[in-house]
Amino acid sequence: MFGCLVAGRLVQAAPQQVAEDKFVFDIPDYENINHVVVFMLGTIPFPDGMGGSVYFCYPDQSGMAVWQLLGFVTNEKPSAIFKISGLKSGKGSQHPFGAMNLPQTPTVAQIGISVELLENLAQQTPVASAAVSSVDSFTEFTQKMLDNFYNFASSFAVTQAQMTPNPSEAFIPANVVLKWYENFQRRLTQNPLFWKT
C-alpha cells in the first residue's frame, strides 16, 4: 500500500506491518539523509474517510525512540516529500507507536505510517521544520524561468550575415544557449535539487 524513497537509494515498497493499521520502514544511515518521500503505491486506496499520519523516529543519545509527526498522505494527496535533516535534535511528540516495542539501533531511523480518520489528521500539527518540500512549485517555476530565458535570448538572435562588428560586445551562439537549456532541463527532471550540490 505504501512506498518510501530516499534519493540515491532503492525504493522501499514493503513496509513492516507492526499492527493492523500501522506500518514502518527502516531507514539505515539516516544521519546522511535530508529528505524522504512517502507515497501510496496506487494498488490499495485508503478506506473512505481514512488517511495516513507519517512519523519519523530516531534513537536519541540514550537509545530511546523519538517520534515526530511529519505530515500525512491521503487518497487525494497520495505522496509527500518531508525534510528530516533538521529533526534529529528536536523533541518527540505524541504518536500512535508508543506501546510497540520497535527495535532501535544508533544508525537506523524509521518512518511510521498510522492509518487514521481524516478528521483526526486535520487536528494534528506536524513538526514545523519537516514542512513538505515544494519541489513541484519549484520545478514549475524553474521550467517557466528557463522558457522565459531561452525565448528572451533567442529573440536577439541574428545570422552571421546580419552581424555588424562591434569590438565592445561579446556574442554567444544561439546553439550554446539551447544546449545549456536542454542540459539544465534534463538535470532538473532527474533531480530537482541538483543545483544544491
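All values reported here derive from a predicted model rather than from experimental measurement.
- Nearest approach of Ala65 to Cys57, heavy atoms of both residues: CB-SG, 3.6 Å.
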**OP:** Please report the C-alpha distance between Phe149 and Trp180 in whole Å, then the side-chain angles of each, then the deciding distance to 0.1 Å, and finally whether the side chain to side chain contact (heavy atoms under 4.5 Å, CB included) criterion is met.
**Re:** CA-CA 11 Å; Phe149 171 73; Trp180 170 83; 3.6 Å; yes
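- Classified by interplanar angle (parallel below 30°, tilted 30° to 60°, perpendicular above 60°), the ring pair Trp67/Tyr55 is perpendicular.
- Taking hydrophobic clusters as Ile, Leu, Val, Met, Phe, Trp and Tyr residues chained together by side-chain heavy-atom distances below 4.5 Å, Phe72 does not share a cluster with Val38.
- The list of side-chain hydrogen bond (donor to acceptor under 3.5 Å, both in side chains) pairs with a residue in residues 167-176, not counting sequence neighbours, reads Asn166-Ser168, Asn166-Glu169.
- Nearest heavy-atom pair across Phe56 and Ala109 is CE1-CB, 3.6 Å.
- Hydrophobic clustering of Ile, Leu, Val, Met, Phe, Trp and Tyr side chains at less than 4.5 Å, counting indirect connections, keeps Phe2 apart from Leu121.
- Placement of Leu118 and Phe23 in two distinct hydrophobic clusters is found when ILVMFWY residues are connected by side-chain heavy-atom separations under 4.5 Å, directly or transitively.
- Nearest heavy atoms, Ser53 versus Gln124: OG-OE1, 2.8 Å.
- Side-chain contact check for Gln110 and Gln16: no donor-acceptor pair (N or O, by modelled atom type) lies under 3.5 Å.
- No single ILVMFWY cluster, assembled from side-chain heavy atoms under 4.5 Å apart, contains both Phe39 and Leu10.
- When all heavy atoms are compared, the tightest approach of Lys22 to Ser114 is NZ-OG, 3.6 Å.
- Remark: aromatic rings of Phe156 and Phe171 are distant, center separation not under 6.0 Å.
- Scanning both residues, Gly52 and Ile113, for their nearest heavy atoms gives CA-CG2, 4.1 Å.
- For Asn151 (side chain) and Asp147 (main-chain N/O), a donor-acceptor pair under 3.5 Å exists by modelled atom type.
- Rounded to the nearest 0.5 Å, atoms CE (Met50) and CG (Asn75) are 11.0 Å apart.
- Heavy-atom neighbours of Leu178 CG from other residues, nucleotides or ligands within 6.0 Å: above the threshold of 12.
- The backbone N or O of Ile27 lies less than 3.5 Å from no partner atom in the side chain of Gln12, so there is not a single donor-acceptor pair.
- Between the side chain of Asn34 and the backbone N or O of Ser85, no donor-acceptor pair lies under 3.5 Å.
- Following chains of ILVMFWY side-chain contacts shorter than 4.5 Å, one can reach Val73 starting from Ile111, so the two form part of one hydrophobic cluster.
- Under the 3.5 Å distance criterion, the side-chain polar atoms of Glu119 are left unmatched by any main-chain donor or acceptor of Ala122.
- Tyr58 and Tyr30 have tilted rings, their planes meeting at an angle from 30° to 60° on a 0 to 90° scale.
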**OP:** Please report the C-alpha distance between Arg9 and Ile33 in whole Å, then the side-chain angles of each, then the deciding distance to 0.1 Å, and finally whether the side chain to side chain contact (heavy atoms under 4.5 Å, CB included) criterion is met.
**Re:** CA-CA 11 Å; Arg9 300 185 186 183; Ile33 298 172; 3.5 Å; yes
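- More than 12 heavy-atom neighbours from other residues, nucleotides or ligands sit within 6.0 angstrom of CD on Gln162.
- The environment of CG in Asp48 is sparse: at most 12 heavy-atom neighbours from other residues, nucleotides or ligands sit within 6.0 Å.
- Here the closest heavy-atom approach between residue Leu69 and residue Val54 is recorded as CD1-O, 3.5 Å.
- For the atom pair CZ (Phe82) and CD (Gln68), the distance works out to 13.0 Å, reported to the nearest 0.5 Å.
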